[in-house]
Each structure stands twice: as C-alpha cells, then as structure tokens.
Amino acid sequence: MRGLDGKVAVVTGGGAGIGAATARRLAQEGMRVVVVDWDADAAQRVADEVGGLALAADVSSEDDVARFVAATVERFGRIDAALLNAGVGGDMGPLTASTTENFDRVFAVNVRGCYLSLRAVLQQMLSQGDGGAIVTTASALSLMGGQMYASYTATKHAILGLTRSVALEVARDGIRVNAICPGYVDTHLMRLAEDAIGGPRDDARALMESGIPIGRYGGPDEMAALVAWLLSDEASYATGGHFPVDGGVTTGAFAG
C-alpha cells in the first residue's frame, strides 16, 4: 500500500481479533506498530510477533489514553495512523432484562474509549501539522438494529456519528477519518453470540452463516486489508466514510 512504509501506527484493541490482524498487516506494509490492549500479555504477544511496541491501557481511562499516546511519541516521535478498535460486546438479551451495569460498561469502552482515543490521537496529529489517517471500528450494527443487542448496537451508532463529525472538523488539516463496519467476523465475539443462541456451537454457527449472502463469516485478515487501504495514500480522497465489510448483510433482505 502506497504511503505506509516507515510510518507509525497505533492499534487499540490490538491483542486479538481484528486489531491483531491489522497490526500484522500494517507491519507487513512496513509500518512501525504500537499494540494497545487492556490485556498486557496479549498486547505483548502481538507486538513481539510484529516487532512493535506493546502498551497496556484501558481506553475508557483518560489517563491511560494520554499515557499510550505519550509513550508512542516518546518511542517513535509521532503518530501517523491509528485503528481505534478497542471494544466489548456486553451481554446479549432483551432490553427489558438488561442491566445498567452492562450498559455503562459497554458505553464506557466502546464510546468513551473511542472519544478519548480520537481526541488524543488527533491532538498529536494536529501538533505535527502534516496530516494523518484514522480508522474507527464501527459495525454492520451501526447501520441497522441489533435484536437482543441494543446497548452494543447503540454504541456502534455513536461511533459512526463521532467518525463523521470529526472527519469534517479535520479534513482541511489533511487528516482523514473513516469507519469500517464489520459484519459477522470469526473472532471471540462470535463465540459469545453462538453460545447465546444455545445448543451445539456448530449448529449455531450454521444458523448464523445461513443469513449471510456470501455464506460464511469474514476473517480478521479481510477486515485488516480494508483498514490498511484506508490508512494508506491509496485512499487519499476518502474521509468521513463508512465501509461495510459484512458479506452483504446490510445490503438488504436475503432469501437464502
């Protein structure tokens, strides 16, 4: 990808799933990668794999976010790109049976964490004065309702709103901000969704995949490929966009 080699990228939620796959892809493109995750061991494993820097942080903590940005700048001198991917799924079930504790936790990590990370990374990029690129991890559920997943779905709508608004604010500063909208991706979150369906996990997976036009879950590497493109100079005219990568789920009604 043009324009990535030698630059510095921060990946939050980089210890597993889409974040880890993106850290690997960006390292393959020649970037120096900072892997941020609340799980220090997971962050270190991925960082060791890609020759990057591991930083433990809770993105819902303003102090932790300030620390990971400062540590990145101390080590590499700047931030050129970021995937703001840290998030939690929370509990599945009807809203009437949900808890305030679950709602608060999901919003703290997914929305407050995205807000704090966006603000801190943008402040650093603006101080550098030579542009940058940021991708947020929204969801197919940013574009539709999520039955039995109201709190999580609401957070992903909020992330899309943050992304669009910030993209307008910094466009003239040469900073591009876009969102990816993954559908069913083969990560630990899908294991939780399969368990919530009940019964044998293979049967639950088959049921989920039957509703995907392409007929299968996406792979984390497929999400990482889109992130790499959006962060690269190949996507130099793309900002404020949302990019579904969901096997066709949000396209419309699917008859199977």
Side-chain angles (χ1 to χ4, degrees), residues 1-14 17-19 21-34 78-87 110-111 113-115 117-144 155-183 185 214 218-252:
M1 297 282 183
R2 180 165 51 88
L4 294 180
D5 188 33
K7 291 187 176 179
V8 179
V10 172
V11 178
T12 70
I18 294 171
T22 299
R24 296 183 190 104
R25 177 59 186 265
L26 297 181
Q28 289 168 8
E29 297 287 347
M31 299 194 82
R32 294 172 288 174
V33 181
V34 178
R78 58 186 295 110
I79 298 174
D80 299 296
L83 170 65
L84 306 182
N85 172 73
N110 295 4
V111 181
C114 183
Y115 158 75
S117 300
L118 261 175
R119 187 179 66 177
V121 170
L122 282 171
Q123 286 170 342
Q124 176 59 33
M125 288 181 172
L126 288 167
S127 74
Q128 294 165 187
D130 54 2
I134 298 171
V135 172
T136 61
T137 300
S139 172
L141 292 179
S142 298
L143 309 174
M144 58 185 185
T155 69
K156 293 300 182 176
H157 277 67
I159 289 171
L160 198 53
L162 277 170
T163 302
R164 288 167 164 162
S165 299
V166 169
L168 295 172
E169 293 176 10
V170 298
R172 292 295 176 91
D173 298 293
I175 301 172
R176 298 182 299 101
V177 188
N178 290 287
I180 61 167
C181 296
V185 183
I214 282 182
D221 289 350
E222 293 174 297
M223 311 301 121
L226 178 57
V227 174
W229 179 76
L230 287 169
L231 293 178
S232 79
D233 290 349
E234 306 289 346
S236 57
Y237 203 57
T239 196
H242 65 276
F243 294 81
V245 54
D246 60 9
V249 167
T250 57
T251 302

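Just so you know, these numbers come straight off a predicted model, no measurement behind them.
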By the salt bridge (charged side-chain N to carboxylate O under 4.0 Å, His left out) test, which pairs, at least two apart or in different chains, include something from residues 127-138?
Arg78-Asp130

Are Arg25 and Met1 close enough that some pair of their side-chain heavy atoms sits under 4.5 Å apart?
yes

Keeping to residues at least two apart or across chains, list the side chain to side chain donor-acceptor pair (under 3.5 Å) pairs with something in residues 231-249.
Arg164-His242, Asp246-Thr250

Results of salt bridge (charged side-chain N to carboxylate O under 4.0 Å, His left out) for Arg24 - residues two or more places apart only
Glu49

Who pairs with Thr136 by side-chain hydrogen bond (donor to acceptor under 3.5 Å, both in side chains), at least two apart in sequence or on another chain?
Thr163

Is any side-chain heavy atom of Leu231 less than 4.5 Å from a side-chain heavy atom of Glu29?
no

Where do Val177 and Ala167 come nearest, in terms of heavy atoms and distance?
O-CB, 3.6 Å

Scanning both residues in full, the closest heavy-atom pair of Val11 with Gly19 reads CG1-O, 3.5 Å

Just how far is it from atom CG of Leu83 to atom CD1 of Ile18, taken to the nearest 0.5 Å?
8.0 Å

Of all residues at least two apart in sequence or in a different chain, which pass the side-chain hydrogen bond (donor to acceptor under 3.5 Å, both in side chains) check with Asn110?
Thr155

With sequence neighbours excluded, tell me which residues meet side-chain contact (heavy atoms from CB on, under 4.5 Å) with Phe243.
Asn178, Leu226, Trp229, Leu230, Ala238

Tightest non-hydrogen contact, residues Ala179 and Leu160, listed as CB-CD1, 3.9 Å

Partner residues of Thr137 under the side-chain hydrogen bond (donor to acceptor under 3.5 Å, both in side chains) criterion, sequence neighbours left out:
Asn85

Under the salt bridge (charged side-chain N to carboxylate O under 4.0 Å, His left out) rule, what pairs show up with a residue in residues 219-228, not counting sequence neighbours?
Arg216-Glu222

Using the salt bridge (charged side-chain N to carboxylate O under 4.0 Å, His left out) rule, collect all pairs that involve residues 172-181, keeping only residues at least two apart or in two chains.
none

Look up atom CG in Leu26 and atom CG in Asp80, then write down how far apart they are to the nearest 0.5 Å.
11.5 Å

Specify the closest pair of heavy atoms between Pro220 and Gly17, including all atoms of both residues, with the distance to one decimal.
CB-O, 3.8 Å

For residues 120-129, the side chain to side chain donor-acceptor pair (under 3.5 Å) pairs (sequence neighbours left out) are Gln124-Gln128

For Ala9 and Met31, the nearest pair of non-hydrogen atoms, with its separation, is CB-CE, 3.6 Å

State, to 0.1 Å, how close Gly6 and Arg32 come at their nearest heavy-atom pair, and which atoms those are.
O-NH2, 3.0 Å

